[in-house]
Structures are given as structure tokens and as C-alpha cells.
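As a basis for the values below, the full set of heavy atoms in this structure was taken, side chains included, without hydrogen atoms, waters or symmetry mates. All figures in this text were calculated on a predicted structure; none of them were measured in a lab. Throughout, residue positions are numbered sequentially from 1 according to the sequence presented.
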Amino acid sequence: MSDQTYSTGLTKVNDAFLPMIESQLVNNGINMDQYSKQCVMNALSSINAALDAKGLTFNDSSLDKNNVTTTLLNVAALKLNAAASPREVFFQIRNVKVKVEGKDVWKKQIEMGIEGDGNDAILSNFGRNVDQVRPFWLVRDGDDFEYPTFNGLEMTPPKWTPKGKGDVVRVVYPIIFKDQSIQYFISERDDVAKNLVAHIQNNMMNETFGVLPVGKTRYDANPEQQKKIAEKKAELLKRAAELGLGALDDAELQKWISPAWTEYHSREAMIIRKMRNNVVKKIPKDFGSAFVELIHDKASDGDYAAVREEISTRANSEPIDIKPVPPTEPQGQADEYVPDQPKQELKAETPPPATAKTEKNSVPADDDF
């Protein structure tokens, strides 16, 4: 009986969300093919499992329904299959503080993460003139590896002799294009440090570093307090950049680093995933739609997307002190002179109420991986 109830409930959820997703795609000039529909149905099943693990359902009042719709829209547009093996996308539950009628309310949101194989699928579907995405190379510290060399337009391919020892230090993607030319795209382990700094900056988004009293948020800070917060944040981010991946073991910085980065069993998998993400980003893509391109830009790297959103939200929000210019004397017999009106002090606009995207809790998610 429970299986029948579960099946019927999930079917109702499919019937509720599928027409909505298809309508939004069509309104943006995108036809939802059968595979996209299958991806949405697989995503709903995977999300349902994630909710069930937390004792939640799609009807739970604490669940942000708009967030679920946006997540499914991303899945459909990018054609990411949660049931593929290896999986292309995963979902987790995150606690997010949002403003409801002027009050802070905690909501449950679905956070989508693109696995390395998901980026490969995106590359296969949308890569510009890409014919085949060949299996990538995981080059370890103990392997013999020679970088490709170039003589004008002539290229000597890289050479790799696996030894199976040491950490993965680079990822190489051989890509065959439609003219049958082959290019090798390489991502280095050290470059993942930039991803880590962006991740730390994202988790610091709502941090006040003790500058404000308990219970106050960054939006309550005056200009002087904002300056102190910014200085402390810059100091810590500079330290993280100098440490590189060594920041993973820094006791002070670890409070802003999710367990998926720091735990021994998942650290290496996270670094490899970021290397794969970085190399796939280098390969040109043609999404055929600005809407799909925007979705990919937001979904491909959550940390960078959150940082860009933070910048756009807070840009030009600091007060600007301008010394008033003394009024000049009227010249000649011009029109009747009217003294300058007192200049109003320029102040920053009050920041908008936090949304589900900008008011993320700086504490790591329920199961941040």
C-alpha cells in the first residue's frame, strides 16, 4: 500500500511540474523534447529521495516551491540526467534564510550540483563543432607526462605514461572536432585554489566577523561597520589565496569551507571534480539560446555565481562624500541670479530585502556534497 501511495504521489508531482516547465521553456523559444522530459522526471524522483531522507515532502510548507521549479527548469534546459551512471547531476537540501513580510524565515531549498559527467554531457550536447568527447586522463604526480608542443599550426600531442601513484595533478581532455582535428585541453590542480577562494568568499557572504551585535545582519551595518567587515573579509581571502589548497587545513578558514572540501574521504574527489569543471569551461559552446546560456552560467559553478550575485547586489552601495562646490558670483547682467540650493548628501540606496539567493546561511548545508 505504501508503494502505491508513493508512486501515486510522485506521479501527481510529475503532472504538476512538467506542464509548467514545458510552458516556460516554450515561452523562451525552446522546445522540450522527450529526453528533457525524462531528465525532469528523473530529477523529481531524485529530489523526492533527498526530501524523504530529511523527512520532508513536496507539500511541506517549509519547502520553497519556486526554487524547485527553477531547479527543474535548469535540468530540462541543460538535459542533465540524474539517473545516468555515472550521474550527471545531484541534489541536496539547504537551509536558506529568506524575507517573508519583513521577517526572517528559514526555508528548505533544493540545491543542484553538476557532476563531472554532467559537464561532459553538456559539452557533448552544446560544444561548438564538437564531434566526440574522448575519455579524460587523470594524470598523477608519479606519472610520466609531456605537454603538447606547437610548431606554428602543427601540434605534437602530449604523452602520458600512467604509473598510478600520487595525487591527481592535472586533467587532460582529448576532444575530436567535426573536422576530425584533435585538441587537448588541460586543467592543473593548483588552479583549483581559485575555486576554493570563491567557495570561501561565498560562505562568508553574510559574515559580520563580530563587528555587529548578535542578531544583527550585514544589512544593518553602517558605513564604518561595512568598512571593517570588508577589511576583515579581504584579509582572510588574501590569506586563503596565499595558502592555495593548503587553506583546506587552516583552522581559522575551515569554518567557511564545506565538509565536501575538507573531509579526507571526499577532498580528492572534490578537487578532481573542480579540475574537470575548469577544463570543460575552456571549450567553446553554442547553446543556441541566450536563456539556456544564462542557465548554464548560473548552474555550472555555484560559488562563482553566488559571488557575482553578491557583487551585483552590493555594487555602489557605499556612501560617497562629495565636498559642495561654493556658489559662483553671477556674471554681467544675465538673468536674475538664484542662489544654489543646499546640496543634499549623497547616500547609498538601502539594500533590497534579502532573497533566497542572497540570504544564504553562512553555515554549511545539511549535507554539503
Side-chain angles (χ1 to χ4, degrees), residues 62 64 66-67 70 92-113 194-243 247-248 250-262 297-299 301-322 345-366 368:
S62 65
D64 188 344
N66 292 332
N67 161 256
T70 301
Q92 62 187 21
I93 311 301
R94 181 181 286 271
N95 293 319
V96 178
K97 187 187 294 183
V98 298
K99 290 285 187 182
V100 178
E101 297 181 354
K103 297 181 180 180
D104 290 334
V105 177
W106 287 99
K107 285 281 189 178
K108 298 285 186 180
Q109 286 194 347
I110 306 299
E111 187 168 82
M112 182 184 86
K194 298 176 183 177
N195 302 93
L196 178 59
V197 172
H199 172 77
I200 294 172
Q201 185 172 1
N202 179 27
N203 284 344
M204 284 183 177
M205 190 178 297
N206 296 317
E207 185 63 67
T208 59
F209 305 104
V211 174
L212 297 178
V214 177
K216 296 292 184 179
T217 70
R218 60 186 175 130
Y219 293 114
D220 299 315
N222 59 38
E224 184 62 29
Q225 291 170 330
Q226 289 178 12
K227 183 178 179 181
K228 290 181 180 179
I229 293 171
E231 288 175 349
K232 182 60 177 179
K233 184 181 294 186
E235 175 189 335
L236 290 170
L237 291 176
K238 180 181 178 181
R239 178 175 170 181
E242 291 173 348
L243 289 173
L248 293 172
D250 185 276
E252 185 176 6
L253 293 173
Q254 278 187 345
K255 67 178 72 174
W256 296 291
I257 304 176
S258 300
W261 280 92
T262 57
D297 185 49
K298 290 182 177 180
D301 195 318
D303 294 329
Y304 281 122
V307 171
R308 285 196 299 269
E309 184 174 0
E310 165 74 354
I311 292 172
S312 64
T313 301
R314 301 291 288 174
N316 302 323
S317 64
E318 292 188 4
I320 302 175
D321 295 327
I322 299 178
E345 181 183 359
L346 299 180
K347 294 185 177 179
E349 296 182 357
T350 302
T355 64
K357 293 183 178 178
T358 59
E359 269 300 292
K360 281 191 176 181
N361 180 23
S362 60
V363 179
D366 290 337
D368 204 344

For E224, which residues count as a side chain to side chain contact (heavy atoms under 4.5 Å, CB included) partner, sequence neighbours excluded?
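Side chain to side chain contact (heavy atoms under 4.5 Å, CB included) check on E224 returns N222, K228.
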
Please examine the side chains of [Y] and [X], heavy atoms only from C-beta on, and report whether any two atoms are closer than 4.5 Å.
X    : Y    : result
T208 : T217 : no
I257 : N203 : no
W261 : N195 : yes

Measuring from [X]:[atom1] to [Y]:[atom2], what's the distance to the nearest 0.5 Å?
X    : Y    : atom1 : atom2 : value
L196 : L243 : CG    : CG    : 9.5 Å
I229 : K227 : CD1   : NZ    : 13.5 Å
R94  : N67  : CZ    : CG    : 11.0 Å
K255 : D250 : NZ    : CG    : 10.0 Å
L236 : K238 : CG    : NZ    : 12.0 Å

Does A221 offer a backbone N or O that forms a donor-acceptor pair with the side chain of Q226 under 3.5 Å?
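Side chain of Q226 to backbone of A221, a donor-acceptor pair under 3.5 Å: yes, one is there.
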
Side-chain (Q109) to main-chain (N95) donor-acceptor, under 3.5 angstrom:
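No; judged by distance alone, with no hydrogens or angles, the pair does not exist.
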
Salt bridge (charged side-chain N to carboxylate O under 4.0 Å, His left out) partners of E252, counting only residues at least two apart
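Listed in chain order: K232, R239.
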
With R218, the side chain to side chain contact (heavy atoms under 4.5 Å, CB included) member among M205, E207, Q225
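For R218, the side chain to side chain contact (heavy atoms under 4.5 Å, CB included) check succeeds only for M205.
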
